[in-house]
Amino acid sequence: MRRSTKRLMDEHELILQTIDSMGTMADSASARGEVDEPFWRDAIDFIRNFADGLHHQKEEGQLFEMYSRRGLSREYGPVAVMLNEHVMGRDCVSRMEAAVANQSPDQLARAARDYCELLTQHIAKENQILFPLGETVLSDSDEIELNIRFDEAELELGGTSNTLRYRELAASLAEHAAFVARGDPKQVNT
Ligand SMILES: [Fe+2]
Ligand SMILES: [Fe+2]
């Protein structure tokens, strides 16, 4: 596996960790009829600024751009499907944000589950189909250029400290969800 692919797949792992936490908290929102506002504000921050703001921007601005130079069009086929799913994900996040503002646990659980299902399948398609296909069309010099462009994009979007912040946020969301899953959410805030 190429380094550029590994970098994106490592980010997928972090996104999947947060999706797992969100699934637990969506179940809790439905079961308890409550919106855990601090959790969801942090989860939306993670999705907006890491999953979408950093990861999807690297895919759209760097990877898919490089693919299109090598014949994998953005207008149709797998890349077009991925771009459309990024848009659908943004819609789910807007619905989640509205549900938090309205304190509506059922609406929140529905939007969060839609996001989790969409992104889980999206990531599987990228990992198993699109990225392996992409590795067959990019040259060795494309790979070098892509990693430089990823470095530049990461730097522009906050650098290592930003990535570290979201890694820590994902860990704390997972920890919170694990407490809630054990049935004692009040312990988390003490
Ligand atoms: Fe994607
Ligand atoms: Fe991705």
Side-chain angles (χ1 to χ4, degrees), residues 1-23 26 42-97 111-139 142-160 162-171 173-174:
M1 182 193 303
R2 287 187 157 167
R3 181 165 166 255
S4 60
T5 307
K6 170 95 171 57
R7 289 170 78 164
L8 294 172
M9 286 176 71
D10 284 350
E11 290 170 3
H12 282 170
E13 286 306 308
L14 206 58
I15 296 166
L16 288 171
Q17 181 186 17
T18 299
I19 283 174
D20 195 47
S21 308
M22 285 169 56
D42 282 347
I44 290 168
D45 174 9
F46 177 91
I47 294 167
R48 278 248 162 87
N49 295 304
F50 182 82
D52 201 36
L54 180 73
H55 179 76
H56 290 165
Q57 290 311 314
K58 276 161 66 184
E59 290 176 345
E60 293 183 11
Q62 322 304 327
L63 182 72
F64 297 168
E65 166 61 25
M66 190 78 81
Y67 282 173
S68 73
R69 280 201 232 157
R70 299 289 169 244
L72 273 178
S73 173
R74 298 171 75 104
E75 309 301 324
Y76 54 83
V79 176
V81 173
M82 296 301 103
L83 286 168
N84 186 46
E85 288 177 356
H86 290 179
V87 173
M88 289 163 70
R90 284 168 202 140
D91 180 58
C92 293
V93 179
S94 296
R95 285 167 50 213
M96 284 167 55
E97 198 164 45
R113 287 187 186 117
D114 286 350
Y115 180 83
C116 293
E117 195 182 325
L118 176 76
L119 256 286
T120 301
Q121 290 182 16
H122 177 84
I123 285 172
K125 283 183 256 186
E126 286 181 341
N127 284 357
Q128 292 162 27
I129 300 167
L130 184 62
F131 292 172
L133 174 66
E135 289 200 350
T136 68
V137 302
L138 298 186
S139 67
D142 289 341
E143 167 65 8
I144 292 166
E145 185 184 338
L146 190 55
N147 278 294
I148 292 169
R149 290 176 64 169
F150 279 175
D151 289 342
E152 288 169 354
E154 284 170 18
L155 205 60
E156 209 172 293
L157 294 163
T160 315
N162 190 49
T163 308
L164 190 64
R165 174 173 127 62
Y166 283 105
R167 201 162 279 284
E168 285 170 357
L169 187 58
L173 292 171

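Whatever order the structure lists them in is the order used to number ligands and atoms, beginning at 1.
Scanning both residues, Leu14 and Ala170, for their nearest heavy atoms gives CD1-CB, 3.9 Å.
A salt bridge is defined here as a Lys NZ or Arg NE, NH1 or NH2 lying under 4.0 Å from an Asp or Glu carboxylate O, and Arg167 with Asp10 fails to meet this definition.
Qualifying salt bridge (charged side-chain N to carboxylate O under 4.0 Å, His left out) partners for Arg74, counting only residues two or more places apart in sequence or in other chains: none. Checked against side chain to side chain donor-acceptor pair (under 3.5 Å), Glu154 has the following partners two or more places apart in sequence or in another chain: Arg7, Lys58. Annotation: salt bridge (charged side-chain N to carboxylate O under 4.0 Å, His left out) contacts of Asp142 (sequence neighbours excluded): Arg70.
Tyr166 has its ring centre no less than 6.0 Å from the ring centre of His55.
Note on the Fe ion (ligand 2): protein N/O/S atoms under 2.8 Å are His12 NE2, His55 NE2, Glu59 OE2, Glu126 OE1.
The N, O or S atom of His86 lying closest to the Fe ion (ligand 1) is NE2.
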